[in-house]
**Student:** 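One structure is given below, represented as C-alpha cells, and several questions about it will come after.
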Amino acid sequence: MSGIIFFDTETTGLDPFKDKITLIQIKQGNKIRLVKTFTEAQISEMRDVLENSLIVGHNLKFDLKFLKQQFNINPENLFDTYIAEILISGGQKARQKGTATLEAVTKQYTGIQLNKSRDVRSSFNGSELTAEQIKYAAMDVAVLPEIHKKQQEQLKTLGLEKVFEIEMGCIPATVWLELSGLPLDKDGLNRVKGETKKKIEDAELKVKTILKESGYKNLDLFGLPAVNLGSPIQLLGVMRGIGLKIDSTGDEVISGIDHPIGKAIKEYRKQQKLLTGFILKYPEHVHKVTGRIQPTFNQVGTNTGRFTSSKPNMQQVPHDKSIRALFKAGKGKKIITADYSQIELRIIAEVSQEPKFLEIYNNNSDLHRLTASLLLNKPESEITKEERQQAKAVNFGFAYGLGAQSFKEKTKNDYDIDISIEQAQEFRNTFFKNYPVLASYLQTAARTAAGQQQIRNKSGRIVRFEQGLEAWQYENMGRNTPIQSLSADITKTAMGRLYHKLKPFNAKLINAVHDELVFEVQEDRVTEAAQIIKDEMEAAGCEYLKSIPCIVEVVMEESWQK
DNA sequence: AGTCCCTGCGCG
DNA sequence: AAAGCGCGCAGGGACT
C-alpha cells in the first residue's frame, strides 16, 4: 500500500520532550480524519498508515519529532511543502521571515487566508474541541492537496526534482539530529569557566596597566583607567587619549598598531568571547528532561542550501581543545567525528576541471603545498608549515574573488605576516597564471551568475541572489555559490543514507557542521559504525565528484575532535 | 523594557 | 578605485 496522506498535528507546545500531540489531522481521498484519542490500536493503525504512505505536510520536521518521541512512528516517504517552497524560491525565502509559512504558502497557491490567530489556536490541549477549532484544524490539511499539486509542477518545471529528493531524504536525519542532542561535561565546564575568568582578569589588568603607564589620567577607585573594554566607543576614546591615531577599534586596526596594547586587547576579546559566547551559554541550553543540549537545526536555513544551527549555534563552537572536550560521550559510548577532506577544493577541481587540481587529488598529494611552491618558486620539499598555511588561505580566497589588498590584510591578521601590496598582487597573478583552466572557469562562472542573478549547481539546486547588490558582489557569489551549495548537497545526501544505515546501531547523530558529521555510538560497535559512516559519506561525495576521489576522515574518541 | 542597528568574532 | 562567500550571537548604543 502506498497512498498519499495530507498531514498535520496540533500540539500543546513546541517541545517534543515536554509537550504532547493533542490532535492529528489526516486527509486521505475525500475524507478528513481528526484523531484526538490515542489508544494502542489507534497508534498501531496510524503507524501502519503513516509509515507506508507519502506524507504531505508543512515543515514535517516538527510533526515527525513528536511522532517519533510520543509514538515511535517514523514516516520516511515525505513531501514537505515548506522545503519545497524554499527550493522553488531559489533559497530566497530561507532568509525572508514569514514568506514560507503555511499561511503565506496557502494564500499564494489557493488564495485562502488561514486564521492563525492565537485565540483559535492557543488551546488544542486535550479538552473538548470547539466547532471553530475543528474547522481550522481541518482547514490546515484541506489546503494541502492544491499546494502539493502546484508545487510538484513548479519543481518539475524548474528541474528541482533531484535536489528536492535530497532534501526529503534528509528530513528524517534532521529529526534524528534534533532529538539526539549533545552531551555536556558539567565538571569540565566549571573548570574551564574558572580558568577563563582568570585569563580575562589578567588581560583586562594588562590593558589597563599599559594605558596607565602610557599616561592615561581618568582613573577609577582602584587607580586603574575607568573604561569598559567591551565598549568600542569607550575603548576608542582611551586609545586616542594615549596618542594612538586611530578611528576605529576594529580588528584590522588593532592588529595594525605598533603598540603593546594591541596584543593585550586581542587577548581580552578572545577570552571574553569564549566566556560569554560559549562557556556561559551551554549550561543555559541543557534541557531539563534530556539533560543534553538540544539545538535547533534548520535544514534550509541559508539560501545556498546549507544548514543553520541555533540555540545554541553548534556550528560555531571554538576549536579550542578545552571547549570541544566538553562535548564528551556518555559512559560506555564514544564520539565519532567524520569530516570531508578539503571538500570545497575538490568540488572546485571537479567543476573547473583544472588539470593541476585534478592531478593533485588523483595522486593523493597536497594542494596547499603545491600552491605554496608555485607562489614562492621553490620545491615542495622546502615549504614550511607556515608557508603551507598561508597557501591554504590563498587557494580558498583567490578562488572566491579575494583581492590583493584584502589578501594583504588577511595575511597579517591570520598569520601575522606582513607583505607589501605589490607582493600580494604578485601572488594573485602567479596563482591564476599557474592555474589557467581554473581562472577561466571562475571568470565564466562569475560573469554568468552576475548576468542571471542566480546559479544552478551540479545537483540542480537553484540559488537566486538577493536584489540590489553591486556587480562585483554577484560575481563573487557566482564563484562561491556553486561550490558551497554542492558541498551542502553532498552532506545532506550522506545524512539521508546514514539515517537508514545506522538504524541497527542505536547511534545518535549529535552535530552537523557543513562538511562534518558527529555521532555518539556504543563503544562495542564504534569501529563498525565508523566504517559505515566513512563509506556512506564517501559514496555520497562520489555521486558528484566523478573525476577525483572523495575522502572522509573519521576519528573515534571520548569527545568531539577537530 | 523592547526593538533595531552596529561592531566584533566564533565556525564552515 | 576596490570589493572572498555563507551563517548566529553577544554587547553597546540609540531609539521608542
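The structure displayed is predicted, hence computed values, not measured ones.
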**Student:** Could you check how far CD of Gln316(A) sits from P of dG6(C), rounded to whole Å?
**Tutor:** 17 Å

**Student:** Let me know the distance between CD of Gln271(A) and C1' of dA10(C), rounded to the nearest Å.
**Tutor:** 16 Å

**Student:** Of the options dG8(C), dG6(C), dC9(B), whose atoms approach the side-chain atoms of Thr308(A) most closely?
**Tutor:** dG8(C)

**Student:** Please tabulate the protein-to-nucleotide N/O contacts below 3.5 Å involving nucleotides 1-4 of chain B, giving atom names and distances.
**Tutor:**
none

**Student:** Using whole Å, what does the distance between atom C1' of nucleotide dC7(C) and atom NE2 of His514(A) come to?
**Tutor:** 6 Å

**Student:** By nearest atom, which of the nucleotides dC7(C), dA2(C), dG4(C) is closest to the Gln405(A) side chain?
**Tutor:** dA2(C)

**Student:** State whether the side chain of Thr337(A) and the backbone N or O of Gln561(A) hold a donor-acceptor pair below 3.5 Å, judged by distance alone.
**Tutor:** yes

**Student:** Over all strands shown, is Phe278(A) touching base, sugar-phosphate only, or nothing at heavy-atom distances under 4.0 angstrom?
**Tutor:** sugar-phosphate

**Student:** Does Arg95(A) place a side-chain N or O at less than 4.0 Å from the phosphate oxygens OP1/OP2 of dC7(C)?
**Tutor:** yes

**Student:** So that I can tick it off, tell me whether Lys311(A) and Glu178(A) are bridged by a salt bridge, with the cut-off set at under 4.0 angstrom between side-chain N and carboxylate O.
**Tutor:** no

**Student:** Answer yes or no: is there an ion pair linking Glu267(A) with Lys270(A), defined by an N-O contact shorter than 4.0 Å?
**Tutor:** no

**Student:** Run the side chain to side chain donor-acceptor pair (under 3.5 Å) test against Thr411(A) and tell me which residues pass, sequence neighbours left out.
**Tutor:** none

**Student:** Under 4.0 Å from any atom of DNA chain C, heavy atoms only: list the residues of residues 460-487 of chain A that qualify, in numerical order.
**Tutor:** Trp472(A), Asn476(A), Met477(A), Asn480(A), Gln484(A)

**Student:** Does the side chain of Lys410(A) get closer than 4.0 angstrom to OP1 or OP2 of dG4(C) through an N or O atom?
**Tutor:** no

**Student:** Measure from the side chain of Pro318(A), starting at C-beta and using heavy atoms only, and say which of dG8(C), dG6(C), dC11(B) lies closest.
**Tutor:** dC11(B)

**Student:** Whole angstroms only, please: what is the CD1-P distance between Ile279(A) and dC9(C)?
**Tutor:** 18 Å

**Student:** Indicate, yes or no, whether a donor-acceptor pair under 3.5 Å links the base of dG8(B) to the side chain of Arg269(A).
**Tutor:** no

**Student:** Could you state the atom-to-atom distance from CD of Glu284(A) to C1' of dC9(C) in whole Å?
**Tutor:** 12 Å

**Student:** Using heavy-atom distances to pick each residue's nearest nucleotide on DNA chain C, tell me which of Gly397(A) and Ser310(A) is more 5'.
**Tutor:** Gly397(A)

**Student:** Counting side-chain heavy atoms from C-beta on, which of dG4(C), dG12(B), dG8(C) comes nearest to His319(A)?
**Tutor:** dG12(B)

**Student:** Does a nitrogen or oxygen in the side chain of Lys562(A) sit under 4.0 Å from OP1 or OP2 of dG12(B)?
**Tutor:** yes

**Student:** For residues 429-454 of chain A, which residue pairs pass the salt bridge (Lys or Arg N to Asp or Glu O under 4.0 Å) check, not counting sequence neighbours?
**Tutor:** none

**Student:** Would Phe327(A) and Tyr282(A) count as a close aromatic pair, with their ring centres under 6.0 Å?
**Tutor:** yes

**Student:** Mind checking what makes side chain to side chain donor-acceptor pair (under 3.5 Å) contact with Asn476(A), not counting sequence neighbours?
**Tutor:** Arg479(A)

**Student:** Measure the spacing between CD1 of Ile533(A) and CE of Met556(A) and express it to the nearest 0.5 Å.
**Tutor:** 9.0 Å

**Student:** What pairs with Lys492(A) under side chain to side chain donor-acceptor pair (under 3.5 Å), at least two apart in sequence or on another chain?
**Tutor:** Glu167(A)

**Student:** Please work out the stems of DNA chain C from pairs that are Watson-Crick or G-U wobble with both distances under 3.5 Å, keeping only runs of three or more consecutive pairs.
**Tutor:** B:1-12 with C:5-16

**Student:** Does OP1 or OP2 of dG8(B) have a side-chain N or O of Thr249(A) closer than 4.0 Å?
**Tutor:** yes

**Student:** If you take any heavy atom closer than 4.0 Å to DNA chain C, which residues from residues 438-445 of chain A end up in contact?
**Tutor:** none

**Student:** Generate the contact string for nucleotides 11-16 of chain C. Rules: B means base contact, S means sugar-phosphate contact only, - means no protein heavy atom under 4.0 Å.
**Tutor:** SSS---

**Student:** Are any of the side-chain heavy atoms of Tyr415(A) and Glu386(A) separated by less than 4.5 Å?
**Tutor:** no

**Student:** Could you check whether any side-chain N or O of Thr99(A) sits under 3.5 Å from a backbone N or O of Gln96(A), counting only pairs where one atom can act as donor and the other as acceptor?
**Tutor:** yes

**Student:** When you measure from the side chain of Ser406(A), which nucleotide among dG4(C), dG12(B), dC9(C) comes out closest?
**Tutor:** dG4(C)

**Student:** In whole Å, what is the span from the CG atom of Asn313(A) to the C1' atom of dG8(B)?
**Tutor:** 16 Å

**Student:** Taking only residues two or more places apart in sequence or in another chain, which ones pass side chain to side chain donor-acceptor pair (under 3.5 Å) with Asp366(A)?
**Tutor:** Arg388(A)

**Student:** To the nearest angstrom, how far is Lys270(A) atom NZ from dG10(B) atom C1'?
**Tutor:** 9 Å

**Student:** Grab the two heavy atoms, one from Phe465(A) and one from Gln92(A), that are nearest each other, plus how far apart they are.
**Tutor:** C-NE2, 3.4 Å

**Student:** State whether Lys334(A) and Glu557(A) are salt-bridged, where the test is any N-O pair (Lys NZ or Arg NE/NH1/NH2 against Asp/Glu carboxylate O) under 4.0 Å.
**Tutor:** no

**Student:** Within this structure, what is the OH-to-P distance between Tyr268(A) and dG10(B), rounded to whole angstrom?
**Tutor:** 14 Å

**Student:** Are any of the side-chain nitrogens in Lys197(A) or Glu201(A) under 4.0 Å away from the carboxylate oxygens of its partner?
**Tutor:** no

**Student:** Can you run down the ring-ring contact (aromatic ring centres under 6.0 Å, His included) pairs that involve residues 433-455 of chain A, sequence neighbours left out, and say none if there aren't any?
**Tutor:** Phe357(A)-Tyr435(A), Phe431(A)-Tyr435(A)

**Student:** Tell me whether Arg306(A) contacts the main-chain N or O of Ser485(A) through its side chain, where contact means a donor paired with an acceptor under 3.5 Å.
**Tutor:** no

**Student:** What's the closest nucleotide to the Asp515(A) side chain, out of dG8(C), dG8(B), dG12(B)?
**Tutor:** dG12(B)

**Student:** Considering only side-chain heavy atoms of Thr302(A), which listed nucleotide, dC7(C), dC9(C), dG12(B), is closest?
**Tutor:** dC7(C)

**Student:** Kindly point out which of dC7(C), dG8(B), dA3(C) is positioned nearest to the side chain of Asn303(A)?
**Tutor:** dC7(C)

**Student:** Return all side-chain donor-acceptor pairs below 3.5 angstrom for residues 513-521 of chain A, not counting sequence neighbours, or 'none' if the list is empty.
**Tutor:**
unit_1	atom_1	unit_2	atom_2	d
Glu516(A)	OE2	Trp560(A)	NE1	2.8
Glu520(A)	OE1	Arg292(A)	NH1	3.1
Glu520(A)	OE1	Arg292(A)	NH2	2.6
Glu520(A)	OE2	Gly330(A)	N	3.0

